[in-house]
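Working notes, structure below.
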Amino acid sequence: MKTTILSTQDLTAGYYVGKKKSPILERLNLTLNAGELVCLLGANGIGKSTLLRTLSGVQTPLEGKISIAGKDMSQCSARQLSRLISIVYTDRTLAGALTVQEVVSLGRHPYTGFFGRLDIDDKTIVWQAMEAVGITHLAQKHIATLSDGERQKTMIARALAQQTPIIILDEPTAFLDVASRIETMQLLHSLAHNQNKAILLSSHDISQSLVLAHRLWLLRNDRTMIDGMTEELIMKGELEHLFANREVIFDYNIGDFLAKPTIIHQVSLHCENNTLKHWLSNALLRNNIGIAENKEIIISATDINTIKISYQKGNYIVGGIEELIAQLEDIIG
Amino acid sequence: MVNTSAYISSRRSCITIMILVLLIIALFPLCLTTGAVEIPLSEVANALLGQPVEKHTWEVIILETRLPMACTAALAGAALAVAGLLLQTTFDNPLAGPSILGISSGSSLGVAIVMLSLGGVIGGSIGGYMSVLLGAIIGAGVVMLILLAFSSIVKSTAMLLIIGVMVSYLASSAISLLNFFSTQEGVHSYVIWGLGNFSGITLDRLPTFALLIIVALLLSFMMAKPLNALLLGSRYAENLGVNLKATRNQLLILSGVLTAIVTAYCGPIGFIGLIVPHIARLALRSSNHTTLLPTTALAGATIALLCNYISVYPSATGIIPINAITPIIGVPIIIYIIINRKKILYLN
């Protein structure tokens with residue numbers, strides 16, 4: 001049975017403009033469970049950061065309640081909260097002249113005494129946090145000398161050293177290259193799994209989120225929210241609503257959003273090899289040619305060098321995808 | 001878990017602190033022997049140890065003038081430097097400092113009001129001194145209150161810094177107005193005070209000054225933990241359980257008190273609060289406040305003693321105002337930092 005570590009009851013998040021409430025997200029009922037990686041997906045400006053700030057206690061809810069570890073969040077002191085939720089931002093910090101180990105050690109802040117001195121246990125926890133993230137070899141490097149990915153890992157290790165059951169990350173992969181992005185997501189996934197953390201992150205990286213998130217929080221264009229298990233939401237077609245009214249469609253096979261194709265012509269495509277079929281249709285779509293059953297022009301491919309075009313005026317064999325497209329353009333005109 | 005580079009970085013701070021202590025030990029006798037009258041080192045030692053001195057006037061010069069002056073310089077330098085460091089970390093801004101935020105100007109305005117209303121007769125009277133000190137503290141306090149009031153409205157520290165600069169302009173304009181309407185003697189003593197000097201404290205007033213500064217410095221050293229958390233930015237600090245508002249207020253009050261005390265006794269001294277924290281960070285290659293705070297204090301004392309030595313060096317013409325010397329040391333350092341900002345760890 002999953003343990004719920006954080007939940008909201010009719011939570012309305014937003015801002016105060018003077019004394020007036022300016023709600024952004026209304027009446028949310030969400031749950032966050034231990035051991036799960038949850039991705040919060042949604043368009044820019046829809047209120048992802050506002051929600052994360054509210055859930056992490058930085059911003060007070062306009063209405064409703066947040067329960068955390070069985071307590072009402074509004075009753076928690078800053079010190080109690082600092083032992084329940086740790087946050088990872090992508091902000092640049094002034095910590096360039098601190099070493100990785102010093103920054104990770106700052107995660108012990110809520111536990112250390114007046115002068116912030118670390119005892120043996122604190123030092124062990126700091127080291128274990130760096131081990132979990134795989135940055136022990138950087139321990140004595142200054143933050144200023146690290147790559148963006150290494151900085152992000154340091155901040156994640158810092159959050160681990162804070163030993164909170166919940167970690168909230170605001171677009172942790174935003175400035176990373178593809179490899180670091182995947183590594184970071186994989187790392188967060190395994191931390192949720194191995195250390196039984198509840199990890200909530202906002203992301204624009206749909207494909208990675210769909211691969212690794214246990215659950216998704218989808219913020220739709222109308223500012224309503226749906227919370228569910230990743231694959232179930234996909235199969236229920238919920239992803240399609242994420243960017244409703246925008247010029248994109250959700251591709252169920254790739255698990256990511258693509259531009260809405262403009263289809264001028266249609267052909268039929270027969271191919272046993274699924275990879276080849278995929279990339280053939282990719283090339284065709286890019287040239288505004290859609291795939292459908294029973295069309296006049298039939299393309300059948302066995303391998304990349306043997307592609308047959310059959311239509312009423314005859315058959316052609318072409319020796320590659322580039323040639324295929326050229327030939328089709330001739331035929332279609 | 002034991003690693004050599006951690007050892008190297010702690011060795012680096014040990015060496016830095018040792019060098020600074022040695023420099024202070026070297027500069028002290030220089031400041032005591034140099035001046036309008038050259039006094040041999042052996043006689044200085046005799047005077048300090050209470051042994052008979054060749055000339056009675058030498059003993060008076062050393063004990064009544066030069067010793068308090070050197071001590072004042074060291075303490076004032078440490079105080080201003082630490083005040084600057086507290087402000088730079090609080091405001092997330094490497095260019096923050098007591099002068100830039102208007103705290104010095106606030107103190108100056110307080111002093112101007114006292115001096116110019118008393119018509120420049122602050123001579124030797126205890127009451128006069130106390131009212132100058134009070135004026136400086138109230139002036140700095142008012143600027144602090146303005147900054148604190150705005151800090152609850154203005155969330156961005158950069159904006160708060162600009163408000164500080166504006167307040168500083170207002171204080172300067174008020175001072176100009178006061179000068180315009182006051183007596184010539186008043187203006188004269190205010191201008192002299194405004195040039196900055198470490199010779200305003202006599203031996204009998206030194207203990208009070210020293211006690212005030214040392215207490216404020218020790219209180220500042222106790223802020224190392226929240227200061228380190230603030231290096232990650234206010235949002236992270238908050239998440240680490242730091243009470244942002246209370247911490248920021250404490251830091252502003254501490255730096256205000258440090259600045260006000262020094263300003264009251266020595267005049268508004270520029271650049272030390274701005275540059276010394278940079279020197280300390282560059283020397284340590286670290287901004288960990290546990291070592292940075294004491295290093296900054298020592299470096300501040302060193303730089304101020306150096307300024308003091310330079311100010312008394314051309315013996316015949318009297319003492320050069322401190323504020324004529326600090327920019328000569330300060331400006332090259334600021335320019336060095338700006339040019340090399342991409343390579344400087346704590347700016348990246």
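Hydrogens, waters and symmetry mates are skipped; everything else that's a heavy atom, side chains included, is used. Below, chain A is the first sequence line, B the second, and so on; all start at residue 1.
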Subject >> Minimal non-hydrogen separation, B/Leu345 against A/Ala144, with atom names >> reply: O-CB, 3.4 Å
Original post:
So what's closer than 4.5 Å to chain B heavy atoms on A/Arg158: side chain, backbone, both or neither?
Top reply: side chain
**OP:** Nearest 0.5 Å please: distance from the CD atom of A/Glu102 over to the OG1 atom of B/Thr290.
**Re:** 8.0 Å
Original post:
At what distance, to the nearest 0.5 angstrom, does CZ of A/Phe114 lie from CE of B/Met223?
Top reply: 7.5 Å
Original post:
Is there side-chain contact between A/Ile87 and B/Glu238, with heavy atoms separated by less than 4.5 Å?
Top reply: no
**OP:** Among the options A/Thr145, A/Val103, A/Val88, pick out the one with the most heavy-atom pairs lying under 4.5 Å from chain B.
**Re:** A/Val88
Original post:
Is it the side chain or the backbone of B/Ala229 that comes within 4.5 Å of chain A heavy atoms, both, or neither?
Top reply: both
**OP:** Select all residues of residues 105-113 of chain A having any heavy atom within less than 4.5 Å of some heavy atom of chain B, and report them by number, or 'none'.
**Re:** A/Leu106, A/Gly107, A/His109, A/Pro110, A/Thr112, A/Gly113
Original post:
Any donor and acceptor pair, going by atom type alone, linking the side chain of A/Gln162 with main-chain N or O of B/Asn239 inside 3.5 Å?
Top reply: yes
Subject >> Partner chain A: residue of B/Arg285, B/Arg235, B/Arg281 with the largest heavy-atom pair count (under 4.5 Å) >> reply: B/Arg235
Subject >> Region of B/Asn243 that comes under 4.5 Å of a non-hydrogen atom in chain A >> reply: neither
Original post:
Which members of residues 49-83 of chain A, sorted by number, sit under 4.5 angstrom from chain B on a heavy-atom basis?
Top reply: A/Arg53, A/Val58, A/Ala78, A/Ser82
Original post:
Got a sec: does the CZ of A/Phe175 have more than 12 other heavy atoms crowding it under 6.0 Å?
Top reply: no
Subject >> Smallest separation among heavy atoms of A/Met155 and B/Tyr236, with atom names >> reply: CE-CZ, 3.3 Å
